[in-house]
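All remarks here apply to the structure that follows.
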Amino acid sequence: MLNSLQKKWKVNGAQLVLILCTFAVTGTLTAFISRGITSWLGFDETTSLIWKILVRILVLVFGYQVIILIVSFFFGQFRFFWNYEKKILKRMGFINNTKEVVTPYRLAIFASGKGSNAEKIIQYFDKEPLIHVKLIVCNKAGAGVLDIANAWKINTLLIEKKAFTESDEYIEYLKNEGITHIILAGFLWKIPQNLIKAYPNKILNIHPALLPNFGGKGMYGEKVHQSVIAAGEKESGITIHLVDEHYDHGKTIFQVKTEITSADSPDTLAEKIHILEHEHYPKVIEEWLGVE
Ligand code: GRF
């Protein structure tokens with residue numbers, strides 16, 4: 001039962017406990033307040049039953065909704081309960097059901113590989129009301145990232161080189177979809193001028209090494225880690241940077257390092273780097289967007 005609640009509400013175990021505590025405290029508090037109100041109104045055995053029922057209903061229906069928000073705040077669950085309230089208000093017809101609530105930050109992830117970073121980002125923002133991944137743009141049919149998009153029911157756009165470099169059509173599509181920011185996560189083509197112009201300082205890339213070293217054209221995947229090891233480096237890391245018209249070049253907004261030991265191979269280094277990417281990329285995106 002607890003497991004199914006966790007799945008239904010998409011929360012972890014600790015959050016579930018806090019949510020259940022919120023319900024329990026709210027229930028007790030509402031009963032207490034309701035009793036206080038009836039005695040303040042001077043209700044006694046002579047008061048008509050209809051009045052008593054009416055006041056109780058008012059407290060339960062309206063008072064409860066306010067009390068639960070206050071209590072949830074103390075349990076750190078305000079966001080969860082505010083979304084829960086909005087659903088109730090919709091059901092009661094107080095909020096227009098047909099009007100789509102527009103998420104202010106609508107991300108498109110451009111990826112052409114396995115998509116492990118894309119998945120971490122999608123997962124991280126899944127319950128975030130302000131930021132959402134709305135589109136996956138991919139240039140390789142059959143890429144793993146397309147299965148991930150499918151599993152998360154996210155729209156995909158498969159793009160060909162000519163359409164990407166020589167036309168504006170897909171940019172119009174991005175704008176029509178309300179895409180506000182672009183996240184590159186293993187997308188190997190150079191970003192054309194017209195896309196940079198359409199999204200100035202709104203395109204972010206992750207590179208699996210410490211730029212400005214080991215970046216540039218052709219420096220991707222295995223090749224990066226092979227070059228780092230071959231150069232005898234003692235550390236590598238990840239770089240998250242804004243995208244400009246050159247490969248791996250825009251302003252760096254985040255770097256973190258990892259040590260390279262004599263036992264490391266390009267494969268083990270790749271694993272270390274992926275762990276760092278998965279841990280930091282979603283958080284850096286959140287900070288970059290100014291939503292915490
Ligand atoms: C990552 O290592 C990233 O740094 C690079 O491409 C790789 C994508 O990996 N730009 P995945 O497809 O997210 O697993």
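As the structure lists them, so they are numbered: ligands from 1, and atoms in each ligand from 1.
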Do any side-chain atoms of residues 196-212 form donor-acceptor pairs under 3.5 angstrom with protein atoms, and if so which ones, sequence neighbours left out?
| unit_1 | atom_1 | unit_2 | atom_2 | d |
| --- | --- | --- | --- | --- |
| Y199 | OH | I179 | O | 2.8 |
| N205 | ND2 | H241 | NE2 | 3.1 |
| H207 | NE2 | F214 | O | 2.7 |

List, one per line, each side-chain donor-acceptor pair under 3.5 Å for residues 57-76, sequence neighbours excluded.
| unit_1 | atom_1 | unit_2 | atom_2 | d |
| --- | --- | --- | --- | --- |
| Q65 | NE2 | V61 | O | 3.4 |
| S72 | OG | I68 | O | 3.2 |
| S72 | OG | L69 | O | 2.7 |

### Message
For E119, give me all partners under side-chain hydrogen bond (donor to acceptor under 3.5 Å, both in side chains), at least two apart in sequence or on another chain.
### Response
W152
What are the distances between nitrogen or oxygen atoms of ligand 1 and protein nitrogen or oxygen atoms, counting only those under 3.5 Å?
| unit_1 | atom_1 | unit_2 | atom_2 | d |
| --- | --- | --- | --- | --- |
| ligand 1 | 2 (O) | E277 | OE1 | 3.0 |
| ligand 1 | 2 (O) | E277 | OE2 | 3.1 |
| ligand 1 | 4 (O) | E277 | OE2 | 2.3 |
| ligand 1 | 9 (O) | H274 | NE2 | 3.4 |
| ligand 1 | 10 (N) | I206 | O | 3.0 |
| ligand 1 | 12 (O) | K114 | N | 3.3 |
| ligand 1 | 12 (O) | G115 | N | 2.8 |
| ligand 1 | 13 (O) | S116 | N | 3.2 |
| ligand 1 | 13 (O) | S116 | OG | 3.4 |
| ligand 1 | 13 (O) | N117 | N | 2.8 |
| ligand 1 | 13 (O) | N117 | ND2 | 3.0 |
| ligand 1 | 14 (O) | S116 | N | 3.2 |
| ligand 1 | 14 (O) | S116 | OG | 2.5 |
| ligand 1 | 14 (O) | H274 | NE2 | 3.0 |

### Over 12 foreign heavy atoms within 6.0 Å of CD, E169
no
### Message
Salt bridge or not between E128 and R79? Use side-chain N to carboxylate O under 4.0 Å.
### Response
yes
### Message
Under the side chain to side chain contact (heavy atoms under 4.5 Å, CB included) test against F110, which residue among V243, L195, L188 passes?
### Response
L195
